[in-house]
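Computed from a predicted structure; not experimentally measured.
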Amino acid sequence: MKKHSVTKRAVAKQQGARTAPRGAPIEPKLERVHGFRAGLAVFQVRPDDITRIGVATERVREVSELLAFAESRGIPWSEMPEVELARAASSTNHEGLVLETAPRRWAALSDVADVLIRTRGFAVALDRVRNPYNVGAILRSAAFFGLEAAILGAIAPHPALAADAVRVAEGGAEHLRLARTTDLAETLARFRGRGLRVVGAESDGIHTLFEYAFQAPTVLVLGHEREGLSPRVRSVCDALVKIPGSGAIESLNVGIAASLFIAELARTKR
């Protein structure tokens with residue numbers, strides 16, 4: 001293995017010395033980002049977060065700008081064989097690039113609401129969507145179509161963003177404001193109190209996607225892969241909208257359904 005290292009980088013540079021409140025989830029001191037486009041997006045958007053790089057020999061030329069940056073900053077990087085990259089990424093789907101980074105910074109929910117109101121924009125919220133491949137696909141679509149933010153909702157603790165979701169998002173995770181909440185229904189109720197509309201995507205919705213008139217600003221809510229929206233989240237929605245189909249199959253995969261909804265949101269904004 002060929003290693004390149006000029007100086008050691010301080011890992012906790014941006015973490016500060018504050019102590020987490022009792023009962024709060026312990027945040028990771030480092031994150032691993034794997035995937036070629038996902039890694040390059042980190043370099044584009046938050047290069048100062050990078051603390052170490054692992055790259056396949058055949059990818060070295062393709063990431064020459066990233067490696068030159070690493071050399072200039074004293075960030076260690078290594079050419080790694082397949083088995084070591086897979087071990088570093090905890091995945092064989094590393095695509096020849098693995099980054100070690102400072103923890104991802106999450107947006108405050110109040111800031112997300114402010115941005116949506118100011119820009120008359122759109123965001124997507126995930127109600128217990130757990131499959132990282134679906135999460136990644138949704139983030140990719142949201143970034144592609146220019147949505148302002150994505151909100152991850154779970155019961156507890158605060159949901160993290162799985163490394164596979166970041167890879168599948170193909171850089172989309174770096175181009176959205178990402179926020180999270182353990183009480184999505186309460187969060188959406190507060191958003192409604194500030195004048196945002198909340199629209200739920202549901203297979204039994206009253207309205208159909210291609211007839212419904214979206215208004216800005218709006219948060220689109222997508223539910224659990226099998227259970228759909230939780231009753232509490234449904235209760236705070238201004239409207240429930242479905243994708244009309246032939247009836248041969250009950251519903252679409254949530255990642256595919258999200259793409260159709262998000263494309264309509266983008267068309268509305270234009």
Ser91: which residues meet the side chain to side chain donor-acceptor pair (under 3.5 Å) condition with it, sequence neighbours left out? none

For Thr101, which residues count as a side-chain contact (heavy atoms from CB on, under 4.5 Å) partner, sequence neighbours excluded? Glu31, Val33, Val42, Arg46, Asp49, Leu99

Does Asn131 have any side-chain contact (heavy atoms from CB on, under 4.5 Å) partners at least two apart in sequence or in another chain, and if so, which? Tyr133, Asn134, Glu225

Plane angle bin for Phe261 and Phe214 - parallel if under 30°, tilted between 30 and 60°, otherwise perpendicular: perpendicular

For Glu227, what residues pass the salt bridge (charged side-chain N to carboxylate O under 4.0 Å, His left out) criterion, not counting sequence neighbours?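 For Glu227 the salt bridge (charged side-chain N to carboxylate O under 4.0 Å, His left out) partners, ignoring immediate neighbours, are Arg128.
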
Kindly indicate whether the side chain of Leu220, heavy atoms from C-beta on, has any atom under 4.5 Å from the side chain of Leu147.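 No; the side chains remain at least 4.5 Å from each other.
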
Side-chain contact, heavy-atom cut-off 4.5 Å: Val55 with Val98? no

Backbone N/O of Ile243 and side chain of Thr208: donor-acceptor pair under 3.5 Å: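 No.
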
Could Asp238 and Arg192 be called an ion pair, given the rule that one side-chain N must be under 4.0 Å from one carboxylate O? yes

Is the shortest side-chain N to carboxylate O distance from Glu264 to Arg267 below 4.0 Å?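 Looking at Glu264 and Arg267, the cut-off is met.
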
Can you list the steps and then say if Thr181 with Thr187 is a side chain to side chain donor-acceptor pair (under 3.5 Å)? CA-CA 7 Å; Thr181 176; Thr187 296; 2.9 Å; yes

Scanning both residues in full, the closest heavy-atom pair of Ala143 with Gly172 reads CB-CA, 3.6 Å

Where do Arg37 and Glu95 come nearest, in terms of heavy atoms and distance? N-OE1, 4.3 Å

Donor-acceptor pairs under 3.5 angstrom involving side-chain atoms of residues 164-171: please list them, not counting sequence neighbours.
residue: Asp164; atom: OD1; partner: His34; partner atom: NE2; Å: 3.3
residue: Arg167; atom: NE; partner: Asn93; partner atom: O; Å: 3.4

According to a hydrophobic-cluster definition based on side-chain heavy atoms being under 4.5 Å apart (Ile, Leu, Val, Met, Phe, Trp, Tyr only), do Leu116 and Val236 belong together?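 In one cluster: yes.
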
Check this for me: Glu65, atom CD, are more than 12 non-hydrogen atoms of other residues, nucleotides or ligands nearer than 6.0 Å?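 Atom CD in Glu65 is not crowded, with 12 or fewer foreign heavy atoms closer than 6.0 Å.
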
Using a cut-off of 6.0 Å, state whether more than 12 heavy atoms not belonging to Phe144 lie near its atom CZ. no

Residue pairs passing the salt bridge (charged side-chain N to carboxylate O under 4.0 Å, His left out) test with at least one member in residues 204-213, sequence neighbours excluded, are Asp204-Arg234

